[in-house]
Amino acid sequence: MRLARLVPLLTLLVVPASVQAQELSEPPSVILGGVPFQLTVTGGTEPSAWYEVQTATGAILAGGTVLAHESATVSGLEVDSSDQLPLRILIGDSEHELSPTLIPGWFSLLPPVIAIIMALVFREVVTALFAGVWLGALFVAGFNPINATWRLVDQFIVPSLGDTDGGHTQIVVFSLLLGGMVGVIARNGGTMGIVHAVSPFASTARRGKIATWIAGLAIFFDDYANTLIVGNTMRPITDRLKISREKLAYIVDSTAAPVAALVPISTWVGYEISLIADGLRIAAEQNPAGAETLLSVSPFLIFIQTIPYLFYPLLAVTFVLMTSVMDMDFGPMAVAERRAATKGEVYRPGAILATDTSSSLMEPKDGLEERWWNAAIPVLTVIVVVLVGLYVSGSARAAPDASLMDIFGAADPFATLLWGSLAGCLVAFGVSIGQKMLSIQECIDAWLAGMKAMMIAMIILTLAWSLGSVTEAIGTAQYLSLLLSDRVALQLIPVIVFLTSAAMAFATGTSWGTMAIMLPLVIPLTIALGGAATYPGGEQMGILLGATASVLAGAIFGDHSSPISDTTVLSSTASACDHVDHVRTQLPYALLVAGIGMVVGNIGTAYGLPVWAALLLGVGLLYVFLRIRGVRVSATAE
C-alpha cells in the first residue's frame, strides 16, 4: 500500500507536532509509553527564546534555544506514566499545556490485529475494518466512545478518502473510471470477444493461468494499473476455464507489486532510490571517516545490486509460474481450485464478492457481434496513455540528460493513471457509438453499472486506508520499529530486518510507509555494526545489500499478505473475488515463499552462500514442496 507516497513517515515519532509561540499546532493526540516522540518548537518575534518541556511533576525532559521565526526539533521525548501528564511547554514568556492520551506500546497493535483476526474468522471484512478503525479512534479520543464515533468519520474516513497527496482520491477515481470502462466493453461484446479470440491459445486451465502470469509481467510499470487491467481483462477467460477467482486474485496480486519492485523502470524505483540515498547520507553523517566513500556511491547502483537479494519478490513470481505450469496447488487454494474444476463454482457459495458483476448491464447486448478489438483498443489505450504520461510528466521534472529510469522515477503516477483511465472510457464510448453498437444513453448506463460494481471495493479500500491512518496516529509502525535491536550478530540483520518490515507492513497495510521508516534506519545500523567491511566495495557489502533488500522484500511480503493493504483489496476487486477468501488462500503461499526466502536467502547469503545458489536452492525447495504437498486440480487436460 502506497500510503503517504509524497510525505514519508518519520522514524521513531508518534505524531510530528509544532508548538507555536502563541498556540499549539497539531499536537500528538496519543503517546506510547516508553516510545520516543518529538515536538517542533517555533520561535516568536524575539531574536531568541529559551524553551523547556516539563512533565506534570516538574521534571525537565528537554530544553534549548530557538531563534526568531525558526523551528527547533525536540527529539527523544519519552513519557512512561500518566503521572507525568500533562506536559508543559515553555517558550520564552509563553506557556502551553499538552494532554495526549497515554497508552502502552502494545495497545498500538490492537486495531490492526483485531481487524485482521475478525476478517479471517468471520469472513466479513467491512465490519472487521470498521471495528479496527473505531478502536483506534477510541484511543485518540481518550477512551470516550461517543467522541471516538465522531472521530472515526471526521478524522479518519473523510481525510483518508480525500487524501490527494497520498493518492487515495486519485486511486478511487481511477478505479471507478476503469470499472466504468469495463462496463462499456462488457456491454458492447468486447469482453466476450477477447474470450473467443484467446480460446484457441488458452484452451486449458493450465494455459489460462500461464497467460495471466505473462500479462502480469507485461504490465510492469505500475502495480495499480497491473492489478486492475490484468484482473478485469483475464477474469472472463479464467471463469470459462473453471479457474477459481481465488487463484486469479493470487496470480494478479503476485505479479503486481513484486514485479513493479523488481523492474528498474517503474513507478516504485524513484521512491526506493531516494530512501536508499537518505540512508547512505545518515550513515555518512554518523561515520565521518567513511563519509566520502558512502556519499560517492550511486543509490541507483545500490538498488541494482539489491535486486538478486530480493528473495521474496523473485521467488513469489517464480512460484506463480511453477504452480501454473505444474497445475498443482495446496491448502485452501487447492480446495478452491477443485471446487471450480469439479463443480464449476469459480467462487465460494455465499461469498461476498468485492465486485458485483451480476447486473444485466454488464452482459453483452443482444444481437451484437462480439468483436475482441472493442475491448482490446480501450485497454491498450489505457496502457499507452499511462506509459506516455509517465514519460511526459517525468521529463518535465527530471534533469535534461536524465535516464529513462530517472524519468519514470520522477513522474507523477497518479495523474497518469487518471489520464489513462479517462482515455480508456472515452475510447470505449467512441468504438461503441461509432459502430452503432450502443447509443449514448446505453453507453452511460453500462458505464454507471461498471462503476456501481466497484462500490463494495471502494468501501473496503476507504476503511483500509482509514485503518492505516489510525495506525499512523497511534504509532503502530514506530512501536514495531523499536523491536529491531542492534544487539544481534551482524549476519542476522537481514532476516531480522525482513521480519520487522514484514510485521510493520502487515499491521499497517503500507509497503511504502514501511520502506520510509526502515531504510533510513537499517542502512546506518548495518554500517555501524559492520564498520568499513560493509561499505560499498567492502568484503561484507553483501550484508548491507541483503539488509537493504530485506526492507523492500519484507515490506512487499507484509503488504502482499495483509487484508488491509490497498493492493490486496484491488486484487480482490479486479478478480471479483471475496476479499477474505483471497487473503485466506494466498497467505499459505506467501508464508511458504517468505519462509524459504528467509532461510536460504537472508540467512544463507549472510553466512556466505552465493546469491545465485540461494535463488536456485529456493526454487528447488519450492518445487519439492509442491511435488510432495501439491495436488493436481484442473478438470481439463492438455
Side-chain angles (χ1 to χ4, degrees), residues 177-216 218-219 225-243 245 248 251-252 340 344 346 355-386 420-454 573-576 636:
L177 286 174
L178 207 60
M181 184 194 77
V182 170
V184 175
I185 63 178
R187 190 63 172 159
N188 69 20
T191 301
M192 291 308 300
I194 285 187
V195 173
H196 298 322
V198 174
S199 294
F201 307 99
S203 56
T204 65
R206 175 182 296 174
R207 293 183 179 181
K209 296 170 190 175
I210 295 173
T212 306
W213 179 81
I214 293 173
I219 305 178
N226 178 307
T227 299
L228 291 175
I229 292 173
V230 175
N232 281 298
T233 302
M234 298 302 296
R235 186 177 66 237
I237 298 171
T238 56
D239 281 357
R240 184 184 62 82
L241 296 172
K242 297 182 180 180
I243 298 170
R245 296 277 178 86
L248 173 61
I251 298 174
V252 167
V346 293
T355 302
D356 181 10
T357 58
S358 61
S359 172
S360 60
L361 293 175
M362 297 288 286
E363 298 176 355
K365 182 181 175 182
D366 293 337
L368 292 182
E369 181 181 352
E370 296 172 344
R371 301 165 179 164
W372 64 267
W373 58 81
N374 288 333
I377 292 175
V379 171
L380 288 174
T381 298
V382 176
I383 296 172
V384 171
V385 170
V386 170
S421 57
L422 177 59
C425 289
L426 295 176
V427 170
F429 271 63
V431 297
S432 301
I433 297 170
Q435 299 177 78
K436 297 183 179 179
M437 306 182 80
L438 301 175
S439 66
I440 294 178
Q441 186 59 52
E442 287 174 327
C443 283
I444 292 175
D445 290 342
W447 187 63
L448 292 175
M451 287 190 172
K452 182 180 178 181
M454 305 288 287
T573 302
S575 306
T636 54

query = Does any non-hydrogen side-chain atom of Arg187 lie less than 4.5 Å from one of Asp445?
reply =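 No. Closest side-chain heavy atoms not under 4.5 Å.
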ask   = Side chains of Leu248 and Lys209: does their closest heavy-atom pair fall under 4.5 Å?
value = no
If you take all heavy atoms of [X] and [Y], which pair is closest and at what distance?
X      : Y      : result
Arg207 : Phe201 : CD-O, 3.2 Å
Leu177 : Leu422 : CD1-N, 4.1 Å
Ala576 : Arg235 : CB-CD, 3.6 Å
Ile433 : Cys443 : CG1-SG, 3.8 Å

Contacts of type side chain to side chain donor-acceptor pair (under 3.5 Å), residue Glu369, not counting sequence neighbours =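 Applying side chain to side chain donor-acceptor pair (under 3.5 Å) to Glu369 gives Arg371.
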key: By salt bridge (Lys or Arg N to Asp or Glu O under 4.0 Å) - contacts of Arg240 (at least two apart)   = none
Roughly how far apart are [X] [atom1] and [Y] [atom2], rounded to 0.5 Å?
X      : Y      : atom1 : atom2 : answer
Arg245 : Asp239 : CZ    : CG    : 4.0 Å
Ile185 : Asn374 : CD1   : CG    : 9.5 Å
Met451 : Leu178 : CE    : CG    : 10.0 Å
Leu241 : Ser203 : CG    : OG    : 8.0 Å
Met437 : Lys365 : CE    : NZ    : 9.0 Å
Ile237 : Ile243 : CD1   : CD1   : 9.5 Å

Under 3.5 Å, which donor-acceptor pairs link side chains of residues 423-432 to any protein atom two or more places apart or in another chain?
from, atom 1, to, atom 2, distance (Å)
Ser432, OG, Asn188, ND2, 2.8
Ser432, OG, Ala428, O, 2.8

query = Partners of Val230 by side-chain contact (heavy atoms from CB on, under 4.5 Å), sequence neighbours excluded?
reply = Thr212, Ala215, Ile219, Asn226, Met234, Val252
message = According to side-chain contact (heavy atoms from CB on, under 4.5 Å), who are the partners of Ile210, at least two apart in sequence or on a separate chain?
response =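 So Ile210 forms a side-chain contact (heavy atoms from CB on, under 4.5 Å) with Arg206, Ile214, Ser324, Val325.
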